Every structure is written in C-alpha cells, then in structure tokens.
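All remarks here apply to the structure that follows.
Since we're looking at a predicted model, the values are computed, not measured. Quick note on labels: first sequence line is chain A, next is B, and so on, each numbered from 1.
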Protein chains: 2
Amino acid sequence: MALRLSVLAWLRLFRVFQKIDRRSVVHLRTLGLSTAQFDILARVGTTSGMTQQELADRLLVTKGNISQLLSRMEGQGLLKRCQDRRSNTLALTEAGQDLYRRAVPFQEDMIMQSFEGLSTDEVRTLLRLLDKLDHSLR
Amino acid sequence: MALRLSVLAWLRLFRVFQKIDRRSVVHLRTLGLSTAQFDILARVGTTSGMTQQELADRLLVTKGNISQLLSRMEGQGLLKRCQDRRSNTLALTEAGQDLYRRAVPFQEDMIMQSFEGLSTDEVRTLLRLLDKLDHSLR
DNA sequence: CAAAGACAGTTTAGCACTAAACCGTCTTCC
DNA sequence: GGAAGACGGTTTAGTGCTAAACTGTCTTTG
C-alpha cells in the first residue's frame, strides 16, 4: 500500500467519523444524553444483568470510567446497581427503559440519514472493506 | 438506505477508527506526544505563522482548548507564540522542528501499516466511498 | 485455618475537550 | 474623539477518559 493513499484514506476516515459523531452528539443532547451515557443505556437496555466489568470490556473503556458514569446515571434514576457477591449487576429503571425506547430508534434514524448519500450497494461495499480492514487490524 | 445496514456500517466505521486511533496513541506516546499535541505540531510545522484562532478552526476545536495545549507545549519548548497586534502567530522552535521531522514520517508509517490488509484498489474504493459520504454530510 | 492472590469496584490525579464568561485591543461610526 | 462592538486570547467549571493506587471480598493452598 502506497503511503500517500493510506494517509489520505485515514484522514478521510477520521473526517467522516468526526462529522457523524458530531451530529450524534448534538442529536443526543436533545435527549439530555452524552454519547457515553447513550452507549451505556443501549448496552444495559439490551443486555440486562451485566456486571460493571463486563460492561467496561464491551464498551472498551476502563472500569474506573464506568464507575463514574454509572454513579451519575444512577443519580439521575436511569439505572440501578444490584450488589451480588462482590460484583454489581446492572439494570435500567422504569425511567431508563422509557428513555431507552425513545433514544435507540431516534439514534438509528440519525445514522440512517447520515448514510443517505450512498446507495445500498455502496454501503455494502463500504461495509465489506471496513470489515476486512478491521480484521486485518489484529 | 436500509436501517440495519447503515447501523452496521456506522458501528464498523467506529470500530476501525477506534482501533487505528488507539494504535496511534500508543505509537505517539513513545515520542512523548498526545494526539492533540501531534496535530498541533504537524499543523504548525507545515504552516508557520498561523494565529491561534486559525489553528483552532483547522483542527475543529475551540480556541480555549488550543490556548491550554499551547501553554503546555510552549512550556516544553516545542513552539513559540509571537504577539502581533492582538493575535499570536505560531512557529516551532528548533526542538519542535526536530521532533516534527521525526514524528511525521513515524506516524505516516504507522498509518501505512494499518492499511496493509487492503490492496491498492481496495483502498482507492474505500477512499472514493468515504469521499462521497463526506460530501453528502453537508 | 491463615496468608496470598485474584478479582470487582471506587478513588484520585491528570489530560483533552467544550461552553461560557472574561479581558484587552483594534475598528467603526456617530 | 469616544462609545459600541468585534475579535483574539485566557480562564473556569464541568464532562469524559486513562492509569494507577486503593478497598473490600472471595478463593486457593501450604
């Protein structure tokens, strides 16, 4: 792979990521959520009963980070920690589930809109290439 | 564009971005640089004489952020602020230029390696699709 | 059984970032 | 010429993140 082409591809990847990410941040803010909070809401919403460590592993962040974020979200009444032996299992509260049911489709819509500039075939190709790239990255 | 496909593409995009970004962070740390510092070093290294506001606009961050980062980097002797009317123009010091000359090829190499899993044609296709997507994002 | 280690979670220090308030200086325009 | 505003930069409060130290509980094993 040529240097110039790789660097261009990386810059473009970064730029696209950044643009969609920013949209997402603005979009989620209307629901009072940050990206990090949405990620947690979405994860715990689909898979209840996870421990904090499991959640951290799935989101690829540290358990320290999760600990802090959960404290705030628990304070806002979105979820509950239930102690179980030496670990905590996590579950959304009623309010959390309610927000989950609104936020997930809302966010999915935003993503769909972001990809409107490409045809189905193009998205399929993009997906295939990104998959290949992902796997080659160890 | 279908919902499921878009969401998959976004997750994949995010994952790939994250993986390369992490590599980059680890890689740059061996030079004692954070991503933010490298970005500034690279920008100021190629375009000397920018103001802080211009730099902020190019990197798409706030001038407040730039102000803080520059203070640290100036403290480390990597660059200088030269007051000019009511703005500051920026330039690398000797040490900064030296680091620049080492860091940029170093980083480019890392990027090239990251794309090794794809053929030249595949990278070209990826680039074309990302470009199209980028332009469609307003 | 008691010491050692493993493991889940919390805390702390520090960087990167934003938003908004703030401070100076230059410009404009009555 | 002086008030009003624009503009560049700094500061501050608050979020998100990491790394590493710390706390407490379970498990292993000599």
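Nearest to the side-chain atoms of A:Gln53 among the listed nucleotides D:dT18, D:dA13, C:dA8 stands C:dA8. Among the nucleotides D:dT10, D:dC17, C:dC17, the one closest to the side chain of B:Asn88 is D:dT10.
Within the 4.5 Å cutoff, the side chain of B:Arg128 has no heavy atoms near those of the A:Arg12 side chain. Side chains of B:Arg81 and B:Thr89 form no contact here, defined as non-hydrogen atoms less than 4.5 Å apart. With a 4.5 Å cut-off on side-chain heavy atoms, A:Leu59 and A:Ile66 count as touching.
For the pair A:Asn65 and D:dT18, the criterion of a side-chain N or O lying under 4.0 Å from OP1 or OP2 is met. A close approach under 4.0 Å does not occur between any side-chain nitrogen or oxygen of A:Gln83 and OP1 or OP2 of C:dG9. Applying the 4.0 Å criterion to OP1 and OP2 of C:dT10, one finds that A:Arg81 has a side-chain N or O inside that range.
Both A:Phe14 and B:Leu13 are members of a single hydrophobic cluster when ILVMFWY side chains are connected at heavy-atom separations under 4.5 Å.
Among the protein residues, A:Thr62 comes within range of the nucleic acid bases, having at least one heavy atom under 4.0 Å from a base atom. Residue contacts shown for A:Leu55 are absent, as no nucleic acid heavy atom lies under 4.0 Å away. B:Ile66 comes within 4.0 angstrom of no nucleic acid atom, judged by non-hydrogen atoms across all strands. A:Thr51 comes within contact range of the sugar-phosphate backbone alone, with a heavy-atom separation under 4.0 Å but no base atom that close. B:Leu59 comes within contact range of no nucleotide atom at all, as no heavy-atom separation falls under 4.0 Å. Contact annotation for B:Ser87: backbone-only contact, meaning every heavy-atom pair under 4.0 Å involves sugar-phosphate atoms and none involves a base.
C:dC7 atom C1' lies 13 Å from atom CD of A:Glu54, rounded to whole Å. Atom P of nucleotide C:dC17 and atom CD of A:Gln18 are separated by 10 Å, given to the nearest angstrom. Between the CG atom of A:Leu28 and the P atom of D:dT15 there is a distance of 17 Å, given to the nearest Å. Across the protein-nucleic acid pair, A:Arg72 atom CZ and C:dT10 atom C1' stand 14 Å apart, rounded to whole Å. Rounded to a whole Å, the CE atom of A:Met50 is 15 Å from the P atom of C:dA8. Taking atom CG of residue B:Asp84 and atom C1' of nucleotide D:dG9, one finds them 14 Å apart after rounding to whole Å. Rounded to an integer number of Å, the gap from CZ of A:Phe38 to C1' of D:dG16 is 17 Å. The CG-P distance, from A:Leu70 to D:dC17, rounds to 12 Å in whole Å.
Scanning atom types as modelled, one donor and one acceptor separated by under 3.5 angstrom connect the side chain of B:Arg86 and the base of D:dC7.
Residues A:Trp10 and A:Phe17 keep their aromatic ring centres 6.0 Å or farther apart.
The 5' end of DNA chain C is approached more closely, in terms of each residue's nearest nucleotide, by A:Ser67 than by the other of A:Arg29 and A:Ser67. Closest-nucleotide positions on DNA chain C for A:Lys63 and B:Gln37 were compared, and the one nearer the 5' end corresponds to A:Lys63.
More than 12 heavy atoms of other shown residues, nucleotides or ligands fall within 6.0 angstrom of atom NZ in B:Lys19.
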